[in-house]
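Shown next, in structure tokens, is the structure this report addresses.
Since the structure is predicted, the reported quantities are computational estimates derived from the model, not experimental observations. Lettering of chains follows the sequences in order, A, B, ..., and the numbering in each one begins at 1.
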Amino acid sequence: MSNQQDILGEVTTSDYKYGFYSDIETEVIPKGLSEEVIRIISAKKNEPEWLLDFRLKSYQKWLSMETPRWAHLNIPSIDFQNIIYFAAPKKKAQYESLDEVDPELIDTFNKLGISLEEQKVLSGVAVDAVIDSVSVKTTFSDTLSKLGILFMSFSEAVHKHPDLVKKYLGSVVPAADNYFAALNSAVFSDGSFCYIPKGVRSPVELSTYFRINAANTGQFERTLIIADEGAYVSYLEGCTAPQRDENQLHAAIVEIIAHTDAEVKYSTVQNWYPGDKEGKGGIYNFVTKRGMCQGDRSKISWTQVETGSAITWKYPSCILKGDYSVGEFYSVAVTNNMQQADTGSKMIHLGKHTKSTIISKGISAGKSHNSYRGLVRINPKAEHSRNFSQCDSLLLGDKCGAHTFPYIETNNPTGIVEHEATTSKISDEQLFYCKQRGIDTEKAIGLIVNGYAKEVLNQLPMEFAVEAQKLLSISLEGSVG
Amino acid sequence: MLEIKNLYVSVQGKQIINGLNLKVNAGEVHAIMGPNGTGKSTLASVIAGNTAYEVTEGEIIYNGKNLMELSIEDRAREGVFLGFQYPVEIPGVSMTNFMRTALDEIRQYRGQEPLSAGAFLKYMNQKKELVELHDKLNNRSVNQGFSGGEKKKNEIFQMAMLEPQLAILDETDSGLDIDALRIVASGVNKLKTKENATVVITHYQRLLDYIVPDFVHVMYEGKIVKTGDKNLALELEEKGYDWIKKELMA
């Protein structure tokens, strides 16, 4: 069956389809990181003193820390002095209608198939589009504000709602949490802020498109989502990045707080430039995402579809503090060519009767390495807590690797922790069967992989799921080797 | 429609088919019978284009085209259908999605517009009737959790959907109870037209009570050694294969 390998090899050689560069005028500050640079960032954003303090303290902590080495990743050394820490599109006016938006930007969205126009009309999604660091466009804010929902760029929130930002910033991911979190806390540029007041269910899915755009610009987004008592929100984050040769660093932080009876559903589709077939270029994605189920019966659910980045280091987690709180993690991670991913989740059970679910589907192709790393911890006081984890790996071809590193710590005898894992390959029989029905190899692989990932894709909101399916097929056009 | 000339096939150096000849015309039903391990399923796989087998000599002409030059999917698009002896499971892929993808591909190849979602579902429901597979089919994953009988009915259902010109049914009767056998056979009969042809591979005469063949071929040691009408199948049922072997030895 050497034929099979040839076909798979052939199928996995397509290029990144979102590699384009939009020529939007960008304002940048010089390369490098120092206290001075942090002061400039803070001053440019006209920040209050307390926030500058937060940044400077984080910077001091960062200086004393070292790059984490425990992941199953081969991370080239990063020259932090060779990175630009702030870039903002020059035209930063707020727009009333799409006509006023830079046509280049509209064009970018059109190429991605996610035009704001379309989104506005068809899907009823409020979009806070972040190109580089400053929010350019916010829609539906009127509808949302009637309900008291706050959805705006992080910088705007700092000025308009300083009490909320001050109260929650760093409350789930402290600045000293890890190396990249400390870096982000020192230099974060912008991001999204979302607050859902007591008892309000957001009628629309809140959506942010992040996009790394200017060459050599590190991207340090910061997202803060707060769901007050009994509130509900579904939040979507989607990412694509233009093709670039230099490696780009991305170190984001997402913090979620769910109060009593609140529920937050956070969905991500990540498709940053993964580098070329030889592993040249690509985004380094070191993200800290964590949710705090603060109140009783609160629930936080993470769903991610990860197809991009040269290196992914990401563990969306839940701290289940409230009794009867629920944490969920659904993930599809695809790696192809020379990509590396070390991703998974942490579920920390503190409250009684807390429950968590982890469903992880890894897909490895090319010469890539895909690792699941997860921690389930049942603390002594977390009576009657449960976890169920399922980690499946699908291998395409014979040169890639799949690894699973589950850590389980139970400190309460009433806890129940289950872990299931499988590893499979797309079989020649499956491909033959599809082809005998007239379906070519590429489409067959797309079908099989989407079927494999269905449990996770089903968790995504409808429009997003469709996009994610396409993305899986596209990345496997070049990723089934 | 199909003409196989002097075919030799090996797998991993082992010779399976040794100079086989077969001619199938439109409107005909052929049955290929024979003891285990004589290359019947191999023949079916080779016609479909399974690359696990190596054709070392001979040719397969289908509608004037050299099949060996076509990919597996193009053979299917040209109207060659294989009913699998062991239908393959594809977890998470719904029958609707699977059939829609297949039909779109085939229609595109033939220069036809894809069916709209509504028209497709209507078409699918209509075809399901034929094999008495019921509503639940649409959302079930391809062959996953299907009983043996359901898997075989599903093969005939797919045949009905794709309307092949040449259908090769590889032991479609194995593992079927008498009711399922009747349903499967009646499905095949209903799909019969003057333009298409069916090749049924089977061990037992029983299936041929329902699907009446125009020709019965006996395959032995990689060749067709005897051809007759439906009475040959009855004779085989009565005497077993030994008499053929003896005849060959003589």
Side-chain angles (χ1 to χ4, degrees), chain A residues 1-11 305 330 332 359 361 363 390 392-394 420 422-460 462 465-466 468-470 472-473 476, chain B residues 11-12 44-45 47-54 70-95 97-110 139-144 151 154-155 158-159 161-164 167-168 170:
Chain A
M1 287 317 279
S2 68
N3 259 359
Q4 198 56 63
Q5 291 309 324
D6 294 349
I7 294 163
L8 290 177
E10 206 174 290
V11 160
V305 176
Y330 299 94
V332 178
I359 308 285
K361 303 267 182 179
I363 301 165
Q390 185 185 328
D392 297 332
S393 307
L394 184 68
E420 289 179 6
T422 65
T423 302
S424 50
K425 287 183 80 166
I426 289 186
S427 71
D428 297 330
E429 286 75 21
Q430 284 174 327
L431 285 177
F432 180 57
Y433 194 72
C434 291
K435 287 195 265 191
Q436 211 301 304
R437 299 305 186 241
I439 303 168
D440 68 28
T441 309
E442 220 162 82
K443 281 217 173 67
I445 286 164
L447 263 184
I448 294 167
V449 164
N450 275 300
Y452 164 79
K454 198 178 190 179
E455 257 177 293
V456 175
L457 297 177
N458 279 349
Q459 297 294 324
L460 292 171
M462 186 68 137
V466 172
Q469 277 179 17
K470 280 188 204 151
L472 284 189
S473 299
L476 288 173
Chain B
V11 60
Q12 289 164 348
S45 291
I47 296 170
N50 193 334
T51 47
Y53 302 93
E54 198 191 342
L70 296 180
S71 65
I72 301 165
E73 58 269 28
D74 279 350
R75 296 181 197 202
R77 293 162 182 171
E78 289 282 348
V80 176
F81 179 90
L82 173 61
F84 283 66
Q85 183 178 3
Y86 304 108
V88 181
E89 297 182 6
I90 309 177
V93 178
S94 70
M95 276 308 297
N97 194 5
F98 184 65
M99 276 291 98
R100 186 143 193 224
T101 308
L103 197 64
D104 280 356
E105 291 279 286
I106 290 173
R107 289 179 68 90
Q108 194 188 357
Y109 182 83
R110 296 175 185 167
N139 294 320
R140 289 175 72 181
S141 296
V142 178
N143 293 321
Q144 203 182 25
K151 281 185 183 172
N154 192 22
E155 292 296 293
Q158 293 177 49
M159 173 179 161
M161 289 292 289
L162 304 177
E163 296 182 323
I168 301 152
D170 188 7

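To the nearest 0.5 Å, atom CG of residue B:N50 and atom CG of residue A:L431 are 11.0 Å apart. Atom CD of A:Q436 sits about 7.5 Å away from atom CD1 of B:I168, to the nearest 0.5 Å. Remark: A:N450 CG to B:I90 CD1 distance equals 12.5 Å, nearest 0.5 Å. Rounded to the nearest 0.5 Å, atoms CG (A:L447) and CZ (B:R100) are 12.5 Å apart. Rounded to the nearest 0.5 Å, atoms CD1 (A:I439) and CD1 (B:I106) are 8.0 Å apart. Here NZ of A:K454 is found 7.5 Å from CG of B:N97. Values are rounded to the nearest 0.5 Å.
Here the closest heavy-atom approach between residue B:E73 and residue A:D440 is recorded as OE2-CB, 3.6 Å. Of all heavy-atom pairs between A:K435 and B:A76, the closest is O-CB, 3.7 Å. Residues A:E429 and B:V88 come closest through the heavy atom pair O-CG2, 3.8 Å.
Scored by the ring-ring contact (aromatic ring centres under 6.0 Å, His included) test, A:F432 finds B:F84 as partners (sequence neighbours excluded). Remark: B:Q158 pairs with A:Y433, A:R437 by the side-chain hydrogen bond (donor to acceptor under 3.5 Å, both in side chains) rule, at least two apart or across chains.
In this structure, chain A has heavy atoms under 4.5 Å from both the backbone and the side chain of B:P87. Contact of B:F81 with chain A is made through backbone and side chain together, with heavy-atom distances under 4.5 Å. Only the side chain of B:L162 comes within contact range of chain A, with heavy atoms under 4.5 Å apart. Only the backbone of B:E89 comes within contact range of chain A, with heavy atoms under 4.5 Å apart. Looking at B:F98, the atoms closer than 4.5 Å to chain A (heavy atoms on both sides) sit in the backbone and in the side chain alike.
In the displayed structure, B:Y109 atom OH is contacted under 6.0 Å by more than 12 heavy atoms of other residues, nucleotides or ligands.
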